[in-house]
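Working notes, beginning with the structure itself.
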Amino acid sequence: MTEPPAAVSEIRAALGRGTWFRTLPPEIAAALVAAASVAEVPEGAAVHHQGDGADALYAVLAGGVKVSSVSAEGRECVFRHLLPGDWFGEIGVLDGGGRTHDAVAVAPTRLLVVPPRRLAEVLERHPLLYRFLALLLCRVVRTAFTMLADATLLSLDARLAKRLVSFAEAEARAGAEETVVRLTQEQLAALCGASRQAVNRRLAAWQAEGVIELGYGAIRVRDGAALRRCADAL
């Protein structure tokens, strides 16, 4: 990567917001960053479409990426909402198949891009990386099973609380001083498989109860314990 040293340190700090990169041995982490380039993606632009060839392993450095599928009738199923420190694209680069979902930037987004050829070179030098890629893939599988179970078994209130708790905990692990979930109500609704109106009503009720505080494109969690109790309720 041709980024200057200061930029490299900023990239490593952004990647360090995610737990996966922090678990990598230092020599593998350095090799991945060195093998990558940086891409700027405008809000609303596609990183890739379902069925595209696997052209890279990606990590979000700034902004956000929505991973979803859209039916022929225009109905959308949102699978993941990726924040700085999150990686994606591992399925295609591991099995060589097409992309399983669409990936679209939900804000002006900066991505770390590791092309398959460069990733293969890193794997040749550091075969232990295969194990860590397998662990990354396991997270995707766990997410898929959890979302399926949640959609079947949990009420909207519980699903919404669980999503807020998950994002709030991710911010806390990244060292954020405030517990702020930087998602719009529309994005949360898509993640929960619900209408924006239904999500808005529940969020407004929680704000009145002092559980959260609503802001522009962000939700500040005031009472995490109350959200966790709601997330645990069937």
Side-chain angles (χ1 to χ4, degrees), residues 1-3 5 7-41 46-69 78-105 109-149 166-167 169-171 173-175:
M1 186 169 60
T2 58
E3 298 281 339
V8 171
S9 66
E10 292 172 3
I11 288 168
R12 291 180 66 92
L15 295 175
R17 295 187 63 181
T19 56
W20 184 75
F21 186 79
R22 296 203 302 267
T23 65
L24 294 177
E27 64 275 12
I28 295 180
L32 266 182
V33 173
S37 59
V38 174
E40 304 286 345
V41 184
V47 180
H48 60 69
H49 293 287
Q50 185 173 349
D52 286 352
D55 59 347
L57 176 68
Y58 299 98
V60 180
L61 299 175
V65 173
K66 175 179 64 176
V67 179
S68 66
S69 291
V78 177
F79 179 54
R80 302 170 72 191
H81 188 99
L82 303 164
L83 300 173
D86 290 334
W87 293 73
F88 65 104
E90 64 283 336
I91 295 176
V93 296
L94 284 172
D95 69 7
R99 295 299 189 188
T100 57
H101 295 80
D102 298 331
V104 176
T109 297
R110 196 175 192 222
L111 296 177
L112 190 77
V113 183
V114 187
R117 179 181 61 82
R118 299 302 307 274
L119 180 62
E121 293 171 354
V122 177
L123 287 165
E124 181 71 23
R125 297 195 306 272
H126 304 284
L128 181 61
L129 178 56
Y130 278 110
R131 178 177 181 274
F132 287 94
L133 288 173
L135 293 174
L136 189 62
L137 184 58
C138 286
R139 293 187 181 187
V140 176
V141 175
R142 285 184 180 275
T143 298
F145 281 132
T146 299
M147 289 186 68
L148 179 61
S166 175
F167 282 109
E169 289 177 345
E171 290 290 334
R173 287 195 299 271

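Just so you know, residue 1 is the first one in the sequence shown, and it goes up from there. Keep in mind that what you see is a predicted model, and the values were worked out from it rather than measured.
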What closest approach, in Å, do Gly16 and Phe21 show between heavy atoms, and which atom pair accounts for it? N-CD2, 4.1 Å
Roughly how far, to the nearest 0.5 Å, is the CZ atom of Arg12 from the CG atom of Leu32? 10.0 Å
Taking all atoms of both residues into account, what is the closest heavy-atom pair of Arg99 and Ala56, and its distance? NH2-O, 2.6 Å
Answer yes or no: is there a side-chain heavy-atom contact under 4.5 Å between Asp86 and Leu83? yes
With a 4.5 Å heavy-atom cut-off, do Val122 and Val114 have their side chains touching? no
For the residue pair Leu123 and Leu133, establish whether any side-chain heavy-atom pair is separated by less than 4.5 Å. yes
Report the distance from atom CD of Glu27 to atom CZ of Arg125, rounding to the nearest 0.5 Å. 11.0 Å
Measuring only between side-chain heavy atoms, which start at C-beta, is Val67 closer than 4.5 Å to Thr100? no
As an exercise, state the distance from NZ of Lys66 to OG1 of Thr109, rounded to the nearest 0.5 Å. 12.0 Å
Can you list the residues that meet the ring-ring contact (aromatic ring centres under 6.0 Å, His included) rule with His101, with sequence neighbours excluded? Phe79
Shortest non-hydrogen separation from Ala54 to Pro116 and the atoms involved: O-CG, 3.6 Å
Taking every non-hydrogen atom, the tightest pair across His81 and Phe167: O-CE2, 3.6 Å
d(Ile28 CD1, Arg131 CZ) to nearest 0.5 Å is 10.0 Å
So OG1 of Thr143 and CG of Leu148: to nearest 0.5 Å the spacing works out to 12.5 Å
Less than 4.5 Å apart, side chain to side chain, heavy atoms only: is that true for Val47 and Phe88? yes
Nearest 0.5 angstrom please: Leu57 CG to Leu112 CG, how far? 8.5 Å
Please give me the minimum heavy-atom distance between Pro115 and Ala35, naming the atom from each residue. CD-O, 3.9 Å
Might you work through the side-chain contact (heavy atoms from CB on, under 4.5 Å) test for His126 and Leu24, ending with a clear yes or no? CA-CA 11 Å; His126 304 284; Leu24 294 177; over 6 Å; no
Passes side-chain contact (heavy atoms from CB on, under 4.5 Å), Leu111 versus Val38? Steps please. CA-CA 6 Å; Leu111 296 177; Val38 174; over 6 Å; no
Side-chain contact, heavy-atom cut-off 4.5 Å: Pro84 with Leu61? no
Looking only at atom types and distance, does a side-chain atom of Arg110 sit under 3.5 Å from a main-chain N or O of Gly63, one as donor and one as acceptor? no
Walk me through it: do Leu135 and Thr23 pass the test side-chain contact (heavy atoms from CB on, under 4.5 Å)? CA-CA 11 Å; Leu135 293 174; Thr23 65; over 6 Å; no
Does the Trp87 side chain pair with the main chain of Leu15, one donor and one acceptor, at a distance under 3.5 Å? no
